[in-house]
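Below is one structure, written out as structure tokens; the observations come after it.
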Amino acid sequence: ELYLKRLIVGGFDGVYEFSKDFRNEGMSRFHNAEFTQVEVYVAYRDYEWMMEFTEQMVEKVALALHGTTKVKVGENEIDFQTPWPRIPMFDAIEKETGHNLAGKSLDELKQIAKTLHVQVDDTMGVGKIIDEIFGEFVEHKLIQPVFITDYPLEMSPLAKKHRSKPGLVERFEGICNGKEICNAFSELNDPIDQRERLEEQAALRENGDDEAMGVDEDFLRALEYGMPPTAGLGIGIDRLSMIMTGQESIRDVLFFPHMRAE
């Protein structure tokens, strides 16, 4: 991601890349340590523009494969016809839990998580706890395509602050069949703000959060030269392929899935 945004700094108005990525995380029917994704960055655009771009692109994929926007996945028929609903993250959580998490402190969130029987530990910051609550109560219920928008700042160290909602960022995730298929935001292009966020991430990493980022001095120097307003998007190709072909496991769309030793 940071290299592609450095290309935007260098003068490219738009860049994309299909690539293999590796995350040292657990495996499941929906996760593989090595996965394929496409990343897209477009200068002088924001997350609102990227939502329209994303829904139109995925709708086109469904039409090209099936001749219709409706795709059968297990017992569900998923309709990718545009436009997809847009729901702010805190609204989605409040609907399912009855708790409004906006503006809550770390201690308050820990107490709410305890009330909801969501396990938390001392390595978790505000963003991690909110993400756990969302995953436990909301994500698996989102079967039809939807954009969950306006995430808390603590969850999104590379996203621009929301233009009208303090404490939030301009980010969305596309979710369908109960799983995230893409992640996008208006990219943070303020080098001072970005340094502060990465330093906060580094502190979380020191405290034991393996998913937190470190400080990338080369990227920060690039931002100091100047990056135009930019929208960025990442789509998980393997998970999208699962949905578009009606597969129950990510192993069924990988050429060489990890196998037990014979």
- prompt: Do you know the tightest heavy-atom contact between P157 and L188?
  reply: O-CD2, 3.9 Å
task: Would you mind telling me which of K161, R6, R45, K5 makes a salt bridge (Lys or Arg N to Asp or Glu O under 4.0 Å) with E187?
output: K5
task: Looking only at non-hydrogen atoms, find the nearest pair between V146 and P85 and report the distance.
output: CG2-O, 3.5 Å
task: Kindly determine whether E39 and Y41 satisfy side-chain hydrogen bond (donor to acceptor under 3.5 Å, both in side chains), including the steps that lead there.
output: CA-CA 7 Å; E39 290 199 53; Y41 295 88; 2.6 Å; yes
- prompt: Taking C-beta and beyond as the side chain, do N189 and P229 meet within less than 4.5 Å on heavy atoms?
  reply: yes
query: On the ring face of Y151, is R171 found with NZ or CZ under 6.0 Å from the centre and within 45° of the axis?
result: yes
message: Test of understanding: clusters of I, L, V, M, F, W, Y form through side-chain heavy atoms closer than 4.5 Å, transitively. Do V40 and V58 belong to the same one?
response: yes
message: Starting from M227, can I reach L4 by hopping between I/L/V/M/F/W/Y residues whose side chains sit under 4.5 Å apart?
response: yes
field: Between CE on residue M50 and OG1 on residue T230, distance to nearest 0.5 Å
entry: 9.0 Å
Sub-4.5 Å side-chain heavy-atom contact between F53 and V42: no
- request: Evaluate the ring planes of F18 and Y16, with Trp represented by its six-membered ring, and classify them as parallel (under 30°), tilted (30 to 60°) or perpendicular (over 60°).
  value: perpendicular
field: Salt bridge D131-K128, side-chain N to carboxylate O under 4.0 Å
entry: no
message: Quick check on side chain to side chain donor-acceptor pair (under 3.5 Å): which of D238, N183, D21 does Q37 satisfy it with?
response: D21
message: Can you confirm whether F256 is buried at CZ, in the sense that more than 12 heavy atoms of other residues, nucleotides or ligands lie under 6.0 Å from that atom?
response: no
field: Electrostatic pair R195:E217 at N-O distance under 4.0 angstrom
entry: yes
query: Taking side chain as C-beta onward, heavy atoms only, is I93 less than 4.5 Å from F137?
result: no
query: Does D122 CG have over 12 foreign heavy atoms under 6.0 Å away?
result: no
statement: In this structure, CG of L142 is separated from NZ of K179 (nearest 0.5 Å) by 11.5 Å
message: When you group the ILVMFWY residues by side-chain heavy-atom contacts below 4.5 Å and let the links chain together, are I148 and L153 in the same group?
response: yes
message: Within the structure provided, determine whether V215 and L220 are in side-chain contact (heavy-atom separation under 4.5 Å).
response: yes
field: side-chain hydrogen bond (donor to acceptor under 3.5 Å, both in side chains) between N207 and T123, worked out
entry: CA-CA 6 Å; N207 196 41; T123 69; over 6 Å; no
task: Output the distance between atom SG (C176) and atom CZ (F80), rounded to the nearest 0.5 Å.
output: 4.0 Å
field: Residue pair V9 / G226: nearest heavy atoms and the distance that separates them
entry: CG1-O, 3.6 Å
task: Determine, stepwise, if the pair I129 / L106 fulfils side chain to side chain contact (heavy atoms under 4.5 Å, CB included).
output: CA-CA 8 Å; I129 294 174; L106 179 59; 3.6 Å; yes
message: Just checking K95: does its NZ atom have more than 12 heavy atoms from other residues, nucleotides or ligands closer to it than 6.0 angstrom?
response: no
message: Using salt bridge (Lys or Arg N to Asp or Glu O under 4.0 Å), reason through D193 and R197 one step at a time and then give a plain yes or no.
response: CA-CA 6 Å; D193 189 357; R197 304 243 212 123; 3.1 Å; yes
Nearest-0.5 Å distance, CG of residue L254 to OG of residue S249: 8.0 Å
- prompt: Can the ring centres of Y47 and F185 be said to be less than 6.0 Å apart?
  reply: no
field: From CZ (F134) to CD (E96), nearest 0.5 Å
entry: 9.5 Å
- prompt: Would you find more than 12 non-hydrogen atoms of other residues, nucleotides or ligands less than 6.0 Å from K165 atom NZ?
  reply: yes
field: Salt bridge E170-R163, side-chain N to carboxylate O under 4.0 Å
entry: yes
- request: Measure the spacing between OG1 of T245 and NE2 of H66 and express it to the nearest 0.5 Å.
  value: 7.5 Å
